[in-house]
Amino acid sequence: MDGSAASYRGQVMKHERALRIGQSLAMEADVAVAELSQQLAGEPPALVVFFCSASYDLELLAGEINRRFAGIPVIGCTAAGTIGPQGYGESGLSGIAFAAAEFSVECGCFEHLQVFDVDAGRDRALELMLRLRERLGAKSGCGYFALSLIDGLSMREEQVAMALQDGLGGIHVIGASAGDDLRFQRTRVFHDGRFHDDAAVYAVLATRLPFRPLRTQHFVADGERLVVTDVDSERRVVREINGLPAADEYARLIGVKPAQLTAVKFAARPVVVKIDGQDYVRSIRSANRDGSLTFYCALDEGVVLRVARGDDLVGKLARALDEAQAEVGAVSGVLLCDCVLRSLEIASTGQQAAVGAMLRARSAVGLSTYGEQCDGVHINQTLTGLVFGERESDDE
């Protein structure tokens, strides 16, 4: 949280019917939900989405959510940090309400992700999309987008992202892997009034508001190639790189000893893989006692990686936001899925105030994630999201 956050506690952020955002850093679940509900009060919402610290009493939090948002569709997940009017919070509760006057929604849930079937998931996503289109009619003039929240320890993000994108077609699908405050013990998603393990929730929304997807990462590849030579793809564990123990080889390439590998080091020096000419970040979650590395994304044997270095995080974020704003006009709100490793880097380099001010000026809300999804691809150390404009005229 940046230094000016104290003045924002409990502040109501209202955006003329379309979007309302809020954030509470209260330690008690009931107090946090009460503060959030006050900030989101106003026009009846079509959907409420929230992000919460896993340290809350989640049973109590679910009960308070159900009580204060009775009769309203609500989805959410645990997080590795929250984003809102108070900037970056290491814990807390943040959320966004999509006004029923401007948005229509259908929600779904995939349970038992360990036996998730991509074809069945695609069919269910398609059915949900068709249901929403039928309800609105062919002449609604709406644009469609989707949001997904996935159990961040399920290791099934690639399959879920693929199924949703295939089922929903050409619309933008933005998603987040739920977190648990960097404990890596239990991440959960919320749907139908309760928290779920090993599940993914998703919502398809339609609106006449202008909106644009947002994706930015600030890493550029440098140094020699790393070839994955021994991997357990199912568990995302790389045992060997260039024929050597993975942790040892990675540590050598970034100039530290294996014992010095920490989350901060991983945040500063991830690896990238080139797909269709673009660099996609593949972040390291942990160095293991057996010399292997666990990643946030699946990798296959033979994949060629390069160690990357950061280049102007704040500047690239500002440019991405400005470009989206130029397309949508006046911004009514921004929904963000931001990798927790980015927030660690922002904190370690003293950029919280600059980034917090940039996001607050655009009424941004979201979470720190264990992974991000954008249009069918599961990625790491990237900020993804949606930027919403305002209706040009109430007479449209």
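In this structure, the side chains of Val387 and Val331 come closer than 4.5 Å at one or more pairs of heavy atoms. For the pair Glu157/Ser148, no side-chain contact is recorded, criterion being any heavy-atom separation below 4.5 Å from C-beta on. Side-chain contact between Gln325 and Leu321 is absent, with no heavy atoms from C-beta onward closer than 4.5 Å. The shortest distance between side-chain heavy atoms of Leu367 and Cys77 falls below 4.5 Å. The closest side-chain heavy-atom distance from Cys374 to Ile379 is below 4.5 Å. For the pair Leu335/Val49, no side-chain contact is recorded, criterion being any heavy-atom separation below 4.5 Å from C-beta on.
One N or O on the side chain of Gln165 and one on the backbone of Ile171 form a donor-acceptor pair closer than 3.5 Å. Using a distance-only test at 3.5 Å, with no hydrogens or angles considered, no donor-acceptor pair links the side chain of Thr78 to the main chain of Ser53. Panel note: side chain Gln373, backbone Ala176; a donor-acceptor pair is recorded below 3.5 Å.
Inspection of the Arg20 and Gln39 side chains reveals no N or O donor paired with an N or O acceptor under 3.5 Å. Judged purely by distance below 3.5 Å, without hydrogens or angles, the side chains of Gln86 and Ser24 never pair a donor atom with an acceptor atom. Judged purely by distance below 3.5 Å, without hydrogens or angles, the side chains of Thr384 and Glu372 never pair a donor atom with an acceptor atom. Residues Asp338 and Ser343 have side chains that never bring a donor and an acceptor to within less than 3.5 angstrom of each other.
Taking the six-membered ring for Trp and thresholds of 30 and 60 degrees, Phe190 and Phe195 have ring planes more than 60 degrees apart, a perpendicular arrangement.
In the hydrophobic clustering of this structure, Val377 does not group with Leu386; members are Ile, Leu, Val, Met, Phe, Trp, Tyr whose side-chain heavy atoms approach within less than 4.5 Å, directly or through other members.
Of the inter-residue distances, the one linking Leu299 atom CG with Leu226 atom CG reads 11.0 Å to the nearest 0.5 angstrom. With rounding to the nearest 0.5 Å, the separation of OH in Tyr280 from CD1 in Ile275 is 6.0 Å. Atom CG of Leu261 and atom CG of Asp248 lie 9.0 Å apart (nearest 0.5 Å).
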Exercise. Take Tyr296 and Phe266 through the ring pair (Phe, Tyr, Trp, His ring centres under 6.0 Å) test and state the conclusion after the steps.
Key: CA-CA 11 Å; Tyr296 283 101; Phe266 298 144; 9.1 Å; no
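The environment of Arg252 atom CZ is dense: over 12 non-hydrogen atoms of other residues, nucleotides or ligands sit within 6.0 angstrom. For Arg225, the CZ atom sits in a loose shell: 12 or fewer heavy atoms of surrounding residues, nucleotides or ligands are nearer than 6.0 Å.
Taking every heavy atom of both residues into account, Val105 and Ala46 meet most closely at CG1-O, 3.2 Å.
With Glu111 as the fixed residue, the salt bridge (charged side-chain N to carboxylate O under 4.0 Å, His left out) test singles out one of Arg156, Arg124, Arg194: Arg194. Residue Thr187 forms a side-chain hydrogen bond (donor to acceptor under 3.5 Å, both in side chains) with just one option from Thr369, Asp151, Asp180, Asp198, and that option is Asp151.
The pair Arg122-Asp119 counts as a salt bridge, with a side-chain nitrogen and a carboxylate oxygen less than 4.0 angstrom apart.
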